Visitor: 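Below is one structure. I have some questions about it.
The shown structure was predicted, so the numbers you read here are calculated from the model rather than taken from an experiment. Every heavy atom of this structure was used, including side-chain atoms; hydrogens, water molecules and symmetry mates were not.
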Amino acid sequence: MYQDRGPRMNRHLESEEQNQRLEQQVTRSWGRRPRRALHRAEAMAPPPAPLAASTPLLHGEFGSYPARGSRFALTLTSQALHIQRLLPKPEARPRDGLVPLSVISGCCTLRSHSPSDSAAYLCIYTYLRGRRGGRRRAARTFQADGAATYEENRAEAQRWVAALMSLLRGLPLPGEDEITPELLPRPPRLLLLVNPFGGRGQAWQWCENHVLPMISEAGLSFNLIQTERQNHARELVQGLSLSEWDGIVTLSGDGLFYEVLNGLLDRPDWEQAVKMPLGILPCGSGNALAGAVNRHGGFAPALGLDLLLNCSLLLCRGGSHPLDLLSVTLASGSRCFSFLSVAWGFVSDVDIQSERFRALGRARFTLGTVLGLATLRTYRGRLSYLPTAVESASPGPAHGLPRAKSELTLAPAPAAPAAHSPLHRSVSDLPLPLPVPVPQPTLASPGSPEPLPVLSVNGGVPELAGDWGGSGEAPLSPDPLPPLPSGSPKAAPLPPITEGHQEMPATSGLPPSTPAAPAASPGGPQDHLLPPLGSPLPPGWVTLEEDFVLVLALSPSHLGADLPAIPHARFDDGVVHLLWVRGGVSRAMLLRLFLAMERGSHFNLGCPQVGYAPARAFRLEPLTPRGLLTVDGELVEYGPVQAQIHPGLGTLLAGPPGCAGQGP
């Protein structure tokens, strides 16, 4: 038992030297810590990750809450928070010990109601994946008790909050001695627009149970408005005082985002209004933009609640991205703006004809696809486009698509002001209290039979309530926030909206079985690449006249939440991606194409009827007298249509980019 004492002593000395070098690199906490326990845990730790991701920014020791007697070492790097138990038994490879920043929504400091408790408390909110793959919310609370007075402990806890929130918001960290709460800017102010009938009518429940708690944990200020009818959001943003907000976020499907975007471009000050950052949290049946945001953030493909939580985490992280917009001119000469797609043929047929199955949620598209395959049609039409100056890479590495120029022939050379409604059913974390408490599940602390306190949202601030850890002990409450730095704007009450005559809301919030054509946007930039509809196209355009099964013009990567139709597309690549399927494709092949599209591998099938071209502008002229044409999933008037891409015209709250497929 004692024969290897010499080698163990040598390893102990080496561990001491490693610990000394580590302490020179990391930020020191204050005194009173069980150094031997810390040394044992560090000596048992696994080999460090590469320096860029593992360089310690903060390091310290904390007690646990509510369990007594446990001690933890916390190490913060630019990519993750490392949590390692020191007492009662050190862990070599702790379970859930590595928490990526991408799954942290926020943190805060708390204090005990007991005046005799000098400790401060650091609460961190995480959304790690469970064993079954779904995200589970957890609140980890640590006790800062290394100093004799509450003020010193509070300062250390606030230093950790400032460092962690700065990393989450993408802000640079100064030297370790300069990390203070004053680093953090004023909390962003968001206007949340919720369509309570989105999806299968669960949008409001998801907002109440998941979105509001998460953005409160992130320290974001918000006002929330429920829309009551079609184009309600469009009217609201037309009269909104934009200077009061840092972003507008829609909680629904792609349709509500379409309303907000076109409402901003309806304004006389559209050049400034279109710069307003827009975000989307998917609570509808069509969530194509959210699928693209999820992919941009580096998360694995997700649907339903998992997709909502992923996009909410990205929203909490902050960060905007330029968004290309399509200016679409319809047959009547009116114009609207698209962030997603223009569709004709099979896709638009499925989109519109499945409206009668809206109660099924996302499954309506599956049912619509089956019915569409059973009655597969072809449409005669003429597709013309202006190729990009530099052809982009082929979408599929295995099978290159036919080059359109070798197949096609060159084309021959040459509103009244809207009434605005006041705010309806507004919920806010500003001066307005939340009318409905947001329930949170009781969470079990690992290794402790006592449950963690129930979390609730009180005025937008997370609060720990209930029994703390035993009879007679006081619960924790939010630590008062430090005052804003001088010159910082204060949170304003509900911003004004221009009021006109109030329109009567529809008796039913559900959309009609056949959506009305969306109103056109009179504002926006000029389409300098497009001649008037009906005029000859200039030289350099490519034209294809054939029988089509479908024609798609896409700006982002996704056609649906789980359909990366153009996997290599980016939000700001300055390209409209044209995808078409010619007549003659079999039903079996078309089904294979859509199944492969879920993996982004449909270009690899080598289907000869599939065509693709990147373009700067296009014109689509249906030669079939009857059909359906959609813009961003909204039904528009049938007839000739043309569009031009405007690179980076909009701004999208997409969060920080991630490594594709990381799926934390």
Side-chain angles (χ1 to χ4, degrees), residues 199 253-255 257-258 280 282 284-296 301-304 307 311 323-326 328 338-355 361-370 372-373 383 395-396 401 548-571 573 575-581 585 589-605 607 609-615 618 620 628-636 643 645 652 654 660:
D254 296 317
F257 192 95
Y258 175 89
I280 186 167
S285 53
N287 301 309
L289 183 60
V293 170
N294 184 72
R295 182 185 180 93
H296 170 82
L303 294 171
L307 179 61
C311 292
L323 179 66
D324 297 343
L325 299 179
L326 267 176
V328 183
S338 162
F339 63 91
L340 185 60
S341 66
V342 177
W344 178 52
F346 183 82
V347 172
S348 57
D349 292 348
V350 169
D351 202 355
I352 299 304
Q353 293 175 1
S354 65
E355 283 286 338
R362 211 182 61 83
R364 71 181 178 99
F365 296 114
T366 303
L367 179 58
T369 300
V370 173
L373 287 171
L383 175 63
L401 293 175
F548 295 100
V549 171
L550 65 87
V551 174
L552 274 174
L554 281 164
S555 179
S557 57
H558 281 56
L559 179 62
D562 57 346
L563 290 177
I566 311 293
H568 64 284
R570 303 188 309 273
F571 293 126
D573 55 13
V575 173
V576 53
H577 302 271
L578 300 177
L579 173 65
W580 61 86
V581 177
V585 65
M589 175 55 74
L590 190 60
L591 179 60
R592 287 182 60 197
L593 283 171
F594 279 97
L595 292 176
M597 193 177 290
E598 296 182 1
R599 304 182 299 274
S601 60
H602 48 293
F603 288 115
N604 297 342
L605 296 180
C607 177
Q609 286 83 19
V610 175
Y612 167 81
F618 73 91
L620 177 61
L628 297 175
L629 193 66
T630 59
V631 175
D632 293 354
E634 303 293 325
L635 183 65
V636 298
I645 195 77
L652 181 66

Visitor: Roughly how far, to the nearest 0.5 Å, is CZ of R592 from OG of S601?
Guide: 9.5 Å
Visitor: Within the side chain of S338, is there an N or O that forms a donor-acceptor pair under 3.5 Å with the backbone of L340?
Guide: yes
Visitor: D632 side chain to S341 main-chain N or O, any donor-acceptor pair under 3.5 Å?
Guide: yes
Visitor: For the residue pair V551 and V581, establish whether any side-chain heavy-atom pair is separated by less than 4.5 Å.
Guide: no
Visitor: Search all heavy atoms of Q609 against all heavy atoms of V585 and return the closest pair with its distance.
Guide: CG-N, 3.9 Å
Visitor: Might you point out which heavy atoms bring G253 and I280 nearest each other, and give the distance in Å?
Guide: O-CD1, 3.9 Å
Visitor: Mind checking whether Y612 and H568 have ring centres under 6.0 Å apart?
Guide: yes
Visitor: Which heavy-atom pair separates L620 from L629 by the least distance, and what is that distance?
Guide: CD2-CD1, 4.2 Å
Visitor: Please tell me if the side chains of V610 and L593 come closer than 4.5 Å, counting only heavy atoms from C-beta onward.
Guide: yes
Visitor: Check N287 against G284 and note the closest heavy-atom contact, atom names and distance.
Guide: ND2-O, 2.8 Å
Visitor: Considering residues at least two apart in sequence or located in another chain, which fulfil the side-chain contact (heavy atoms from CB on, under 4.5 Å) criterion with D349?
Guide: Q353, Y379, L628
Visitor: Is a donor on one side and an acceptor on the other found under 3.5 Å between the side chain of H602 and the backbone of A565?
Guide: yes
Visitor: Side chains of D573 and H577: any donor to acceptor distance under 3.5 Å?
Guide: yes
Visitor: Which atoms form the tightest heavy-atom contact between P567 and S557, and what is the distance?
Guide: O-CB, 4.4 Å
Visitor: Can you tell if the side chain of V342 reaches within under 4.5 Å of the side chain of F618, non-hydrogen atoms only?
Guide: yes
Visitor: Of the non-hydrogen atoms in I645 and D324, which two are nearest, and what is the gap between them?
Guide: CD1-CB, 3.8 Å
Visitor: Check whether any side-chain heavy atom of L559 sits under 4.5 Å from a side-chain heavy atom of L554, and report yes or no.
Guide: yes
Visitor: Under a 4.5 Å cut-off applied to non-hydrogen side-chain atoms, are P282 and L307 in contact?
Guide: yes
Visitor: Do H558 and L289 come close enough that some side-chain heavy atom pair is under 4.5 Å?
Guide: no
Visitor: So L552 and L578, do their side chains get closer than 4.5 Å, heavy atoms only?
Guide: no
Visitor: Report yes if some heavy atom in the side chain of V347 is under 4.5 Å from a heavy atom in the side chain of F594; otherwise report no.
Guide: yes
Visitor: Between Y258 and F339, does the ring centroid distance fall short of 6.0 Å?
Guide: no
